[in-house]
Undergrad: 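Before I ask anything, here is the structure I am working with.
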Amino acid sequence: MSERRKPYPFDFFEPKWQRIWDERRVFHAPNPGESSFDPSKQKFYVLDMFPYPSGAGLHVGHPEGYTATDIVARYKRMRGFNVLHPMGWDAFGLPAEQYAIKTGQHPAITTRENVAKFKSQLQRIGFSYDWQREINTSDPDFYRWTQWIFLQIYNSWFNSETQRAEPIRTYRGADPDSVRLAYVADVPVNWCPELGTVLANEEVIDGKSEVGGFPVVRRPMRQWMLRITAYAERLIDELEGLDWPEGIKLLQRNWIGRSDGAEIDFPIAGMADSVAAASDRGYKIRVFTTRPDTLYGATYMVLAPEHSLVELIVSEEQWPAVRDYRERTARKSDLERTELAKEKTGAFTGAFTINPASSEKIPIWIADYVLLGYGTGAIMGVPGHDERDLEFARKFQLPIIPVVQAPGKTPAESIGFVGDGMAINSPIIDGLSSVEGKTKITRWLEERGVGKGAVNYKLRDWLFSRQRYWGEPFPVIWEKGAHRALDENELPVVPPALEDYKPSGTGDPPLAKAKEWIRYSDKATRETNTMPQWAGSCWYYLRFCDPKNDRRFVGEEAERYWMGGAKAGGVDLYIGGTEHAVLHLLYARFWHKVLFDLGYLSKPEPFQRLVNQGLILGEDSQKMSKSRGNVVNPDTVIDQHGADAFRCYEMFMGPLEQMKPWSMRGVEGVARFLARVWRLIMEENQAGEWELSPRLREIAPDKAQQKIVHGTIKKVSEDIESLSFNTAISQMMVFVNAFTNAPAIPVSAMRTLLVLLNPFAPHLTSELWEKISGRFGDTRSDVAEQEWPGHDEAVLVEDEVDIIVQINGKLRDKLRVAIDANEEELKSAALDLPKIQQHLAGKEVRKIVIVPNKIVNIVAN
RNA sequence: GCCGAUGUGGCGAAAUGGCAGACGCAACGGACUUAAAAUCCGUUCUCGCUAACGCGAGGUAUGGGUUCGAAUCCCAUCAUCGGCACCA
């Protein structure tokens, strides 16, 4: 290809324009207070999910979303908005460190190299980022504020009465440490020996680490946790006002997993001597259920094997079996424990409890199908109406009582029915529907003080510490076994320059090796855990608003301007992959809400409109991967066809949100289209040089040309607003095809085309605009500074329209009539058509449906 | 297993209640050329009828339904992809 002549000289003018944009800072978005700030302009914040700069460089999947946002950004600028369109680097985190360990280079060095590579690749595509706002999460000027936000979280508690975070000093209880939004807990965590770190639940997939696919085991460790569960309800409720895909909202709701039900207390019944004392002290076991209406059907109880009451209630003769079962459970990996189609297991404790409704004495078991971390870690077994309980009861021969009658079934047939029916064998609520039964029995329990309505969430608190080197150190010190936050003015806490940053493998973080650094004072030592990769991405979009501010994480005025507005969310458009549908987006919303509650932010939500771009597959329709050898590198594509063709092809492939395979042939097709645009305006002379085409004239477009110009303005504008870039490009192809053979080409039409095409192909259109302006004068400014054109509806109005004539819904003929012809005219004109008369021969017309300007449908038989 | 998305030519797709296949790729034919590339013009859903302009029938995963009219709305089934997966 390099030998062959380029269809248009993109290799010359693409770098030229990139240089001009850079030098003139064309895309700098001024902040309030800057001299070039124009307060009359509305703001528009369009954001990409910033990349993690890996060693492999960009592949064609990255720029898909980036191109979409760039088109919107350029379009909105031409529409007169002050557009914030920034880019930065999510530079801390596991992969950087793994890569560094593998290559034997310090992560700071590899990260710097990778960032440089990513940046030059992005710049080659011609994105209109405001590079003066570039940020890097591993830069002390950035993570200083990540640590500062951690301090705000640490120094807050969630007041359940106001449903808001408040400063910890407003807490009146005895032990503030027990309610902080950041707290330390000994919890069974996902320990990955290979990575030498603990992972969040979300980073473990099928018992293996998401990064690297190494085995993960359960192990109790002291860890920092963030109390995200306090926000569970608001994280669900406040999705309401966001313009997100319904599917993503649902994914978040399911992840948070709200269930409504009741907590019920079961008193421990008389039992063997060892537990009698416990019983006397009034022990009771609390269970959570979503089906309090099935209480009469509870014929046994199950505790999670790790439940703390197990030791107190187990009978002497059952001890060996129980201990054995607990040990076996503890040894099981997550993978084994969640294995599909696995048999139920369990052990009898020897203890009994009383069903508060039926007063029956029922046995207490332990079983690993009950999870300690959910609800109260204990359940009532209702085998009649729960699949798992039924399976368990059948295996251990426990009684099964039907208490909900399925519609149209007998009580015996209703065993195993888990839907809503009618209560039976339940004296208090017999005959009531399941819904009524729930309400009534909950009230009944509340009156007796043995239960209450309750809500539970699947969401767990966020395990926030990592035993790694390449992350933000905690701004926390330890003294006499107690943690204490550092003061704001001690930030940033910079990690020590360690030679050996590899994980220790024991669970001691690498920072523990920095003996000097750890010593904070004679009495206090530093926290040696670091924050997880998510930390920086939880608030980076805020820093973009005011990236250089050294007094505040974001200036108040800048925050109000860029993150304000009429809607709940501050960022107007956020585009990124679905892989972040739960984690990043949930964590960022959580941090945002804490900061909002504490009065630092204008709006309760970070991202108003969210769009997920679809995955780009290899030419073989398989997921792109090195091992398959089907990875497409943007650099190759740009070398061959130029950045504009690359951008346009990425958008022309199909709908943004859809998964679609790459095609080099497809790129060629789009490159041909851009070459046709070039040749509408330029012509090659004898010497093989490009010069302005003599066909280009200052003439008025004819009627047909006007129609296509205004039709294209309309379609492209609408399509950009709805992110339907593929059809916008189609329409511009139609435009170009219509002008290709015109003997004279009106300059005004070309100017319009260049403006419309500019967001898609900014280099080509800038170059051609300059050429045209060189000859035809009037404007000296750049195409990017032009106003977006409006269309004239009057031009598009037709005097005559084609009317489809159908018989019984089948197309039989067409009719050309004046626009807005009335129904009578249409009817008689249609019936007069020879073809129609032919088809109607021998038939009787029953009815005629007429839609003006569209169709006439004759119903006949 | 549960939840969600998708299913249209040889391929990427368009049309979201009113002409199915815009636009692009590929293929075929033509013009230009000594030739090729590039460029420009044309054809291309399937089947049948016609010497031909054309005409007819069928067709949007499958089966049913609603409607004057369905790729589009509803029900069921199948397939592919994604998420969750003992959450009581």
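Just the heavy atoms: all of them, side chains too, but no hydrogens, waters or symmetry mates, feed the values below. The sequence lines fix the lettering, A, B, ..., with proteins before strands; numbering per chain opens at 1.
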Undergrad: With a 3.5 Å limit on both atom pairs, tell me what B/G56 is paired to, counting Watson-Crick and G-U wobble, or say none.
TA: B/C47

Undergrad: Tell which nucleotide pairs with B/A61, taking only Watson-Crick or G-U wobble pairs whose two distances are both under 3.5 angstrom.
TA: B/U77

Undergrad: Indicate, with a heavy-atom threshold strictly under 4.0 Å, whether A/E387 touches base, sugar-phosphate, or nothing.
TA: nothing

Undergrad: Tell me what A/H385 touches on the nucleic acid: a base, only sugar-phosphate, or nothing, going by heavy atoms under 4.0 Å.
TA: nothing

Undergrad: Heavy atoms under 4.0 Å, any strand shown: does A/N726 hit a base, just sugar-phosphate, or nothing?
TA: sugar-phosphate

Undergrad: Does the structure show a Watson-Crick or G-U wobble partner for B/G9, both distances under 3.5 Å? Name it, or say none.
TA: none

Undergrad: Do any side-chain nitrogens or oxygens of A/K835 fall under 4.0 Å of OP1 or OP2 in B/C55?
TA: yes

Undergrad: With heavy atoms under 4.0 Å as the rule, sort A/N456 into base, sugar-phosphate or nothing.
TA: nothing

Undergrad: Going by purine N1 to pyrimidine N3 plus the second Watson-Crick contact, or the G-U wobble pair, all under 3.5 Å, which nucleotide sits opposite B/C2?
TA: B/G83

Undergrad: For B/A37, which nucleotide is its Watson-Crick or G-U wobble mate, given both distances must be under 3.5 Å?
TA: none

Undergrad: Counting only Watson-Crick or G-U wobble pairs whose two distances fall under 3.5 Å, which nucleotide matches B/U66?
TA: none

Undergrad: Is any side-chain N or O of A/N254 closer than 4.0 Å to OP1 or OP2 of B/G83?
TA: no

Undergrad: Would you indicate what A/I855 reaches in the nucleic acid, counting non-hydrogen atoms under 4.0 angstrom: base, sugar-phosphate, or nothing?
TA: base

Undergrad: Taking side chain to side chain contact (heavy atoms under 4.5 Å, CB included) as the criterion, tell me which of A/V851, A/D813, A/I850, A/L815 meets it with A/I803.
TA: A/L815

Undergrad: Please check the phosphate of B/C3 (OP1 and OP2 only) for any side-chain N or O of A/R253 closer than 4.0 Å.
TA: no

Undergrad: If pairing requires Watson-Crick or G-U wobble contacts with both distances under 3.5 Å, which nucleotide is the partner of B/U16?
TA: none

Undergrad: Check every strand shown and say whether A/S259 touches a base, only sugar-phosphate, or nothing at a heavy-atom separation below 4.0 Å.
TA: sugar-phosphate

